[in-house]
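If you read the sequence from its start, that first residue is 1, and numbering goes on from there.
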Amino acid sequence: MPLLVTTLVIVLVFVFLRINRQARLRWLRQVDLPGLWHEQDSGSARTPRELRLLGSIASGDYRLLEGEREQRGQWRFQGDQLLLTAEQGEVEVFSLRLFKPGQISLQGAEGDARLFHKQADNVVSMQRPPRD
């Protein structure tokens with residue numbers, strides 16, 4: 001009897017983890033982070049940013065342009081946070097919210113949220129998407 005209960009618990013945990021992973025992958029595909037993102041001009045004095053994310057659906061390289069300033073490094077999506085690790089080693093953490101496909105909000109540690117729109121393109125990839 002204890003062996004049956006243990007086996008059942010293991011199977012249930014496996015099924016739960018698999019369903020969670022599949023739901024996360026569906027959500028990541030819907031957000032579709034890789035690509036070129038333009039910050040919406042808020043009318044304030046700050047310069048709108050341009051964020052280019054390259055790589056898989058959950059991590060890769062990035063380039064952030066803010067006026068004449070350019071920052072490069074690695075990005076990773078973890079939980080509901082986008083982590084940007086610059087080549088110099090400093091890490092910026094943003095809470096990501098999806099409003100609709102192609103429109104996200106990134107909120108920094110200081111509390112200011114920035115709205116980004118994905119630049120649409122007409123290129124259709126002939127390769128299968130990677131399985132993350």
Side-chain angles (χ1 to χ4, degrees):
M1 185 67 174
L3 181 61
L4 180 64
V5 171
T6 303
T7 305
L8 183 62
V9 167
I10 290 172
V11 168
L12 288 175
V13 167
F14 176 77
V15 168
F16 175 76
L17 291 175
R18 184 170 172 90
I19 289 171
N20 274 352
R21 177 172 166 72
Q22 289 173 345
R24 175 177 162 72
L25 287 174
R26 273 193 308 277
W27 191 80
L28 280 171
R29 285 188 188 102
Q30 182 182 9
V31 175
D32 192 24
L33 284 174
L36 181 59
W37 294 86
H38 296 282
E39 182 181 4
Q40 179 176 321
D41 190 3
S42 63
S44 65
R46 68 179 182 209
T47 306
R49 294 178 174 184
E50 178 181 290
L51 178 62
R52 181 178 299 273
L53 301 175
L54 304 169
S56 70
I57 62 174
S59 65
D61 296 328
Y62 80 91
R63 187 180 88 184
L64 178 64
L65 294 174
E66 188 170 6
E68 297 296 316
R69 198 183 96 178
E70 179 179 343
Q71 179 180 331
R72 292 177 180 259
Q74 298 287 313
W75 70 274
R76 181 173 43 129
F77 187 72
Q78 180 178 347
D80 68 341
Q81 296 181 330
L82 180 66
L83 289 84
L84 302 180
T85 306
E87 290 175 337
Q88 297 82 13
E90 51 196 63
V91 178
E92 287 185 84
V93 179
F94 298 95
S95 293
L96 186 141
R97 289 201 172 108
L98 173 68
F99 291 111
K100 61 182 178 182
Q103 186 176 10
I104 60 173
S105 169
L106 296 178
Q107 184 174 4
E110 54 281 343
D112 64 328
R114 295 180 176 213
L115 188 62
F116 284 84
H117 299 277
K118 188 168 187 182
Q119 178 175 320
D121 60 12
N122 61 353
V123 178
V124 177
S125 176
M126 299 302 286
Q127 298 178 349
R128 272 186 195 196
R131 297 189 125 194
D132 286 333

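The ring-ring contact (aromatic ring centres under 6.0 Å, His included) contacts involving residues 58-93 comprise W27-F77, where partners must be two or more places apart or lie in separate chains.
Q74 and D61 are linked by a side-chain donor-acceptor pair at a separation below 3.5 angstrom, with hydrogens and angles left out of the test.
Every residue two or more places apart in sequence or in another chain that forms a side-chain contact (heavy atoms from CB on, under 4.5 Å) with E70 is listed here: R63, L65, R72.
At least one side-chain heavy atom of Q22 sits under 4.5 Å from a side-chain heavy atom of R18. Considering only heavy atoms from C-beta on, E50 stays 4.5 Å or farther from L64 through its side chain. The side-chain heavy atoms of R76 and T85, taken from C-beta on, include no pair separated by under 4.5 Å.
A single hydrophobic cluster is not seen to contain both L8 and F16; linkage of ILVMFWY side chains at heavy-atom distances under 4.5 Å, directly or through other members, places them apart. In the hydrophobic clustering of ILVMFWY residues, with side-chain heavy atoms under 4.5 Å counting as a link, L25 and L17 come out apart.
Put simply, CD on E90 and CD on Q71 are 6.0 Å apart, with the number rounded to the nearest 0.5 Å. Between L96 atom CG and L82 atom CG the span is 6.5 Å, to the nearest 0.5 Å. Distance check, rounded to the nearest 0.5 Å: CG of L115 to CZ of R97 gives 12.0 Å. Note that CD of Q81 is 11.5 Å distant from CG of L106, once rounded to the nearest 0.5 Å. The CZ atom of R69 sits 5.0 Å away from atom CD of E66, with the distance rounded to the nearest 0.5 Å. W37 CH2 to H117 NE2: the interatomic distance, rounded to the nearest 0.5 Å, is 9.5 Å.
Remark: side-chain polar atoms of K118 are paired, donor with acceptor, to backbone N or O of D32 under 3.5 angstrom. No donor-acceptor pair closer than 3.5 Å links the side chain of E39 to the backbone N or O of P48.
Here the closest heavy-atom approach between residue A58 and residue L28 is recorded as CB-CD1, 4.1 Å. Between Q78 and R24, the shortest heavy-atom distance links the atoms CA-NH2, 4.4 Å. The two residues A113 and S105 have their closest heavy-atom pair at CB-OG, 3.7 Å.
Atom CD of E68 sits in a sparse spot, with 12 or fewer heavy atoms from other residues, nucleotides or ligands closer than 6.0 Å.
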Can you check side chain to side chain contact (heavy atoms under 4.5 Å, CB included) on R114 and F94, steps first, answer last? CA-CA 10 Å; R114 295 180 176 213; F94 298 95; over 6 Å; no

Intermediate values then yes/no, side chain to side chain contact (heavy atoms under 4.5 Å, CB included), H38 and L36: CA-CA 7 Å; H38 296 282; L36 181 59; 3.5 Å; yes

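When each of L51, I104, L54, L98 is paired with L33, the side-chain contact (heavy atoms from CB on, under 4.5 Å) condition holds for I104 and for no other.
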